[in-house]
Amino acid sequence: DRSSYYGDSSHTSVFVCKAVRLLHLISIVVPTAGEQLIESGAIRSLLKIAKARSWGSYIEYSVWSNMVGLLYSFVDSLDWSICKETVTAETLDVVISLIKENPKDEYTQETGIDYLLQVGKNGDSKLVKMLQKKKVGHLFLDALDQFRDDDSPVKKTVTKAMEWYMSI
């Protein structure tokens, strides 16, 4: 029985949450770490682990918000030819769902929307059409409405995203 080896699910979920957060921080501090995570297939494994479990609302949010931060750090700092491997319909769905489910969370809104913006700007026409089909423009408008009176980084990011979206 694997549960006795890995411990109960609450310990496992806390571990995964902390591991993803640590990888996110490492990828920010050590630029080559993100490239190594992608090339080794570790990111695909983390995505499989994260989506295969039912973590409970807070742990699930923590795992996925840090995963979105990690994915964003890739598209923000790595060459597109390397990080495009992490962009799938499934990862886009996760990012979009997290943004929708946490409309007031600045971290989620900023990193999630900036991730979608970078994917749209760097991706091919197939990815842009996928973003259009997933109606990310509505997502951007909702975020802009949520942070309209704010001079936060979220508003700046959403404004850039809207400018890009209106130009396609």
Side chain to side chain contact (heavy atoms under 4.5 Å, CB included) evaluation trace for Arg21 with Leu25 = CA-CA 6 Å; Arg21 177 73 179 146; Leu25 294 173; 3.8 Å; yes
Intermediate values then yes/no, side chain to side chain contact (heavy atoms under 4.5 Å, CB included), Leu116 and Ile99 = CA-CA 11 Å; Leu116 296 173; Ile99 291 169; 3.8 Å; yes
Test side chain to side chain contact (heavy atoms under 4.5 Å, CB included) applied to Tyr72 and Leu117, step by step = CA-CA 10 Å; Tyr72 167 71; Leu117 172 62; over 6 Å; no
CA sep, side-chain torsions, deciding dist, call: Leu22, Ile26, side chain to side chain contact (heavy atoms under 4.5 Å, CB included) = CA-CA 6 Å; Leu22 182 61; Ile26 290 171; 3.8 Å; yes
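Closest non-hydrogen pair, Phe74 versus Ser27, comes out as CE2-CB, 4.2 Å. Closest of all the heavy-atom pairs between Gln109 and Ala143 is OE1-CB, 3.5 Å. The minimum heavy-atom distance between Gln118 and Val75, with the atom names listed, is CB-CG2, 3.6 Å.
Scanning for side-chain hydrogen bond (donor to acceptor under 3.5 Å, both in side chains) contacts around Asp145 gives Arg148, with sequence neighbours left out.
Counted by atom type alone, Thr108 and Ser65 present zero donor-acceptor pairs between their side chains at under 3.5 Å.
In this structure, the separation between CH2 on Trp80 and CG on Asp124 is 8.0 Å, given to the nearest 0.5 Å. Separation of atoms NZ (Lys121) and CG (Leu131) is listed at 13.5 Å; rounding is to 0.5 Å. Rounding to the nearest 0.5 Å gives a distance of 10.5 Å between CD1 of Ile113 and CD1 of Ile96.
In the hydrophobic clustering of this structure, Val95 groups with Leu127; members are Ile, Leu, Val, Met, Phe, Trp, Tyr whose side-chain heavy atoms approach within less than 4.5 Å, directly or through other members. Hydrophobic clustering (side-chain heavy atoms under 4.5 Å, transitive across Ile, Leu, Val, Met, Phe, Trp, Tyr) groups Ile82 together with Leu70.
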N/O donor-acceptor pairs under 3.5 Å from side chains in residues 159-168, not counting sequence neighbours:
{"residue": "Thr159", "atom": "OG1", "partner": "Lys155", "partner atom": "O", "Å": "2.7"}
{"residue": "Ser167", "atom": "OG", "partner": "Trp164", "partner atom": "O", "Å": "2.6"}

Report all side-chain donor-acceptor pairs from residues 33-40 shorter than 3.5 Å, counting only partners two or more places apart or in another chain.
{"residue": "Ser40", "atom": "OG", "partner": "Gln36", "partner atom": "O", "Å": "2.9"}
{"residue": "Ser40", "atom": "OG", "partner": "Leu37", "partner atom": "O", "Å": "3.3"}
{"residue": "Ser40", "atom": "OG", "partner": "Ala42", "partner atom": "N", "Å": "3.3"}

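Among residues at least two apart or in separate chains, salt bridge (charged side-chain N to carboxylate O under 4.0 Å, His left out) pairs with a member in residues 64-87 are Arg44-Glu85. Listed by first and then second residue, the side chain to side chain donor-acceptor pair (under 3.5 Å) pairs that reach into residues 132-141 are Asp93-Lys134, sequence neighbours excluded. Note on residues 96-117: no pairs pass salt bridge (charged side-chain N to carboxylate O under 4.0 Å, His left out), not counting sequence neighbours.
Thr91 contributes a side-chain N or O that, together with a main-chain N or O of Thr86, makes up a donor-acceptor pair within less than 3.5 Å.
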